[in-house]
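First the structure, in the form of structure tokens, and then the observations on it.
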Amino acid sequence: MARRRQVYEGKAKILFEGPEPGTLVQYFKDDATAFNAQKKGTITGKGVLNNRISEYLMTRLSEIGVPNHFIRRLNMREQLIREVEIIPLEVVVRNVAAGSLSKRLGIEEGTRLPRSIIEFYYKNDQLGDPMVSEEHITCFGWASTQDIDDIVALTLRVNDFLSGLFLGVGITLVDFKLEFGRLWENEDMRIVLADEISPDNCRLWDAKTGEKMDKDRFRRDLGQVEEAYQEVARRLGILPEAGVRDLKGPETVQ
Ligand code: UDP
């Protein structure tokens with residue numbers, strides 16, 4: 001890893017300079033944090049599973065014309081992505097009440113919402129990612145009205161597609177968080193989906209039993225965290241053939 005210049009280190013991922021200009025290598029760690037990094041831990045094999053799950057979901061989304069930063073997976077823990085200018089927003093979509101929505105508004109967890117809700121949070125760890133409205137976003141220049149329209153349109157398509165995809169494997173997509181970036185091609189700018197889509201930033205409940213299959217198992221000390229992530233990958237039909245314990249180090253996968 002020392003061979004490449006590190007561009008950014010986040011809580012669960014590291015970004016390195018990519019092999020060509022305009023590309024980056026996204027490395028998935030096993031580290032997990034919750035409650036604005038007040039709770040820290042390691043989930044063995046999480047990085048391998050999230051790399052694979054995110055690759056699969058981003059690829060499926062590309063196939064239906066949702067542009068995103070994913071180019072290809074490089075090995076067990078790394079993927080090649082397009083370098084984008086990240087829009088400092090966390091875009092949360094909710095189909096069923098849970099987490100902060102239930103807490104703030106007193107809506108019982110598990111209540112199906114009459115329609116999907118999109119919320120925006122300002123991506124700023126020091127401030128604890130506060131919820132913001134479109135007024136704040138345009139006022140402070142984080143994104144334009146046109147950008148927000150594009151983000152909402154893409155988010156709704158992602159939600160419809162992923163809700164169906166997960167339901168097909170017996171999982172309810174309760175809520176999830178997306179991030180978007182600006183991709184510059186000559187003079188043109190496109191908004192594309194960035195970051196990752198994995199059990200780290202989705203709430204996934206077994207459709208029959210309601211069992212949690214996501215990071216809430218870590219947040220709420222429910223145990224069997226790695227097993228839950230593995231079960232999501234298994235149901236999607238993408239469990240890494242070599243297993244998740246890649247102690248040998250990354251192997252190049254073409
Ligand atoms: N989420 C995330 N990163 C964050 C905050 C939320 O990925 O910094 C995801 C979270 O996993 C869940 C959804 O966004 O799927 C909604 O989270 P919520 O607002 O309920 O917050 P939480 O309960 O996680 O504090």
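First listed ligand is number 1; within each ligand, the first listed atom is number 1. In this text, all values refer to a predicted model and were calculated from it rather than measured experimentally. Heavy atoms only: backbone and side chains are in, while hydrogens, waters and symmetry mates are out. Numbering starts at 1 and runs along the sequence shown.
Contact atoms of ligand 1 toward Gly99: 20 (O), 23 (O) (distance under 4.0 Å to a heavy atom of the residue). Near Arg94, meaning under 4.0 Å from any of its heavy atoms, are these atoms of ligand 1: 16 (C), 18 (P), 19 (O), 20 (O). Against a heavy-atom cut-off of under 4.0 Å, Arg203 is close to the following atoms of ligand 1: 12 (C), 15 (O), 16 (C), 17 (O), 18 (P), 20 (O), 22 (P), 23 (O), 24 (O). Under a 4.0 Å criterion applied to the non-hydrogen atoms of Asp129, ligand 1 contributes the atoms 8 (O). Here is the list of ligand 1 atoms found below 4.0 Å of a heavy atom in Val92: 14 (O), 16 (C). Distances below 4.0 Å separate heavy atoms of Cys202 from the following atoms of ligand 1: 15 (O). Listed by atom number, the atoms of ligand 1 under 4.0 Å from Asn201 heavy atoms are 7 (O), 9 (C), 11 (O), 15 (O). Every atom of ligand 1 with a heavy atom of Arg219 under 4.0 Å away is listed here by number and element: 10 (C), 11 (O), 24 (O).
Between Gln79 and Gln26, the side chains place a donor N or O and an acceptor N or O closer than 3.5 Å (distance only, hydrogens not considered).
Heavy atoms of Phe35 found under 4.0 angstrom from ligand 1: none, in either backbone or side chain.
Using bins of under 30°, 30° to 60° and over 60° for the plane-to-plane angle, the ring pair Phe140/His136 lands in the parallel bin. Under the 30°/60° scheme for interplanar angles, the aromatic rings of Tyr122 and Trp142 are found to lie parallel.
At most 12 heavy atoms of other shown residues, nucleotides or ligands fall within 6.0 angstrom of atom CD in Glu108.
When all heavy atoms of Glu17 and Arg4 are compared, the pair lying nearest together is O-CD, 4.3 Å.
Shown here, atom 6 (C) of ligand 1 is out of close reach of the protein: none of its heavy atoms lies under 4.0 Å off.
The heavy atom nearest to atom 20 (O) of ligand 1, out of those in Ala37, Ser100, Ala97, is found in Ser100. Among Arg104, Met131, Lys177, the residue whose heavy atom lies nearest to atom 9 (C) of ligand 1 is Lys177.
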